[in-house]
Protein chains: 2
Amino acid sequence: MATAGDLAALAGLLADETRAAVCLALLDGRAWTAGELARHAGVAPSTATEHLHRLVAGGLLVERRQGRHRYVQLADESAAQLIEDLAARLEPRPAPVTGLRAVTASAALRRGRTCYDHLAGRLGVAVTEAMAGAGMLDVDGGFALTPYGRTVLTSVTGAELRPGRRPLARGCLDWTERRQHLAGVAGARLCEAALTRRWVTRIGSGRAVRLTPGGESALRDLIGLDAAQL
Amino acid sequence: MATAGDLAALAGLLADETRAAVCLALLDGRAWTAGELARHAGVAPSTATEHLHRLVAGGLLVERRQGRHRYVQLADESAAQLIEDLAARLEPRPAPVTGLRAVTASAALRRGRTCYDHLAGRLGVAVTEAMAGAGMLDVDGGFALTPYGRTVLTSVTGAELRPGRRPLARGCLDWTERRQHLAGVAGARLCEAALTRRWVTRIGSGRAVRLTPGGESALRDLIGLDAAQL
DNA sequence: GCAACGGTTCGGCGCCGGCCGAAGCTTCGC
DNA sequence: GCGAAGCTTCGGCCGGCGCCGAACCGTTGC
């Protein structure tokens, strides 16, 4: 049984601005070095060390030491999901409609990005809706991959899709779009395939991604995605 | 865009043992008075007042003043879900198998309870699995109510089931069972019907519930629930 | 009216924890 | 080897916050 103390300790891991910044940065699913995170969060390396210790001890992060670097990343998908769930609660507006606030970096992020290990942003939402429209996802009754969708994704990835500890499909509320996009095993495999086949490519070193011309036609054929609406 | 400061502030609401105890108590979905919560958490009334202020200001709780009482309860289902999600991460063991730790109060809770506004515990999990077995829920591809399940539930509640801001069906990870049980609109309507039709009754004033003989036969006929395995 | 009761406000206390810089340790490049 | 770089440990500072009790306010019951 979960005690109040345990719950408070877990929440306490994220209840600090510096640690929160670290976790948000790590939402890209990749491993960062301690120094990168310290600079990102704007604190001294020694301070970052302490925070990373707490986050690792709390099970939210895992570390991998490699030479003189210490890489950390989110421990698992459920850790990422927890942070996403909290962050989702911070954006209660249904449709932003923010006019011409053309901060290009964040505009690129809104257009398309990875969220831990799957696609998000307008691209992720559009892919999800195209799949729903093509009968691959049931989004009315909840959020589930249909048998047809399973067949299609299996043909893409080659390997059989099986739910393990992680569900096959799960809706992940999008920060910027306030709509659900596909997460879970299916979302991860699709994102993996999209990156290896160069349907999407990363922009710079961040988590923003861009749909390539090849990806545009491939996704149109596969799931009926209309890239024009992006 | 969610900032680290916002995230930290939200997490900070739960990052205190007293506030966490309050939120866990409120997970039963009902309204508690400030004094009840103070006694439950073991702090002075003045201390409870401050905590409740913070939780209300943070949007996690709503208050309703009635005479000299101040009732608080969780603001919405997403607040309950957030707390559930955090609590679920605290029980990483797949199968407890705790032997004969017969703390009767918690045993009753494990057997059956309400979780915000739907059924949980062994009862909630058994209902969910019976519905999956009867073809009303798709739990392989994710978590969704099938058209057949929608028909059955509509016949039970009379009113049409429609997803709004809240999904029709959603899996909610059970604290004690570590399996998913049915939440979302469908879970809430089913629980509501089960309580009004006396398929289940509350035990005392807490969140524990018990399956009645009438409920046993009704749920056997409706979803093929085998009450013997409870 | 008056007392009892629930809740709130305020002041004060003490501790926890976040921050930094200095010193030290390990690894890497040369 | 030797210096530079990445990281960690330690000590010390300081602010925030959780706690309580006392005084106060509004409601309820007699």
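Computed over heavy atoms, backbone and side chain alike; hydrogens, waters and symmetry mates excluded. Letters A, B, ... mirror the listed sequences (proteins, then strands); counts begin at 1.
- Between the CZ atom of A:Arg70 and the P atom of C:dC25 there is a distance of 19 Å, rounded to whole Å.
- Between A:Arg111 and A:Arg210 the shortest side-chain heavy-atom distance does not fall below 4.5 Å.
- Rounded to an integer number of Å, the gap from NE2 of B:His53 to P of C:dC10 is 11 Å.
- Across D:dC7, C:dG18, C:dC20, the shortest atom-to-atom separation from the side chain of A:Asp16 is found for C:dG18.
- In terms of position on DNA chain C, the residue among A:Gly67 and A:Thr47 whose nearest nucleotide sits closer to the 5' end is A:Thr47.
- Here the C1' atom of nucleotide D:dC19 and the CD atom of B:Glu17 are 13 Å apart, to the nearest Å.
- Rounding to whole angstrom units, CD of residue B:Glu50 and C1' of D:dC17 are separated by 9 Å.
- Here D:dC7 is the nucleotide among C:dG7, D:dG18, D:dC7 with the atom lying nearest to any side-chain atom of A:Thr49.
- In this structure the side chain of B:Ile83 reaches within 4.5 angstrom of the side chain of B:Leu74, judged on heavy atoms.
- Atom pair A:His69:NE2 and D:dA4:P shows a separation of 17 Å (rounding to whole Å applied).
- A donor-acceptor contact closer than 3.5 angstrom is absent between the side chains of A:Thr114 and A:Arg30.
- Of the two residues near DNA chain C, B:Ala48 and A:His51, the one whose nearest nucleotide lies more 5' is B:Ala48.
- Between the side chain of B:Ser46 and the base of C:dG7 there is no donor-acceptor pair of N/O atoms closer than 3.5 Å.
- Here the C1' atom of nucleotide D:dC7 and the CH2 atom of A:Trp32 are 18 Å apart, to the nearest Å.
- When only modelled atom types and interatomic distance are considered, A:Arg70 and A:Thr49 share no side-chain donor-acceptor pair under 3.5 Å.
- Taking only side-chain atoms of A:Arg54, from C-beta outward, the nucleotide of C:dT27, C:dG11, C:dG17 with the closest atom is C:dG17.
- OP1 or OP2 of D:dG6 has not a single side-chain nitrogen or oxygen of A:Arg65 nearer than 4.0 Å.
- For A:Arg197 (side chain) and A:Ala193 (main-chain N/O), no donor-acceptor pair under 3.5 Å exists by modelled atom type.
- B:Arg39 comes within contact range of no nucleotide atom at all, as no heavy-atom separation falls under 4.0 Å.
- Atom CG in A:Leu52 sits roughly 13 Å away from atom C1' in D:dG6 (whole-Å rounding).
- Look at CD on A:Gln66: it is 9 Å from P on C:dC28, rounded to the nearest Å.
- The side chain of B:Arg68 lies closest to D:dT28 when the candidates are D:dT28, D:dC19, C:dC20.
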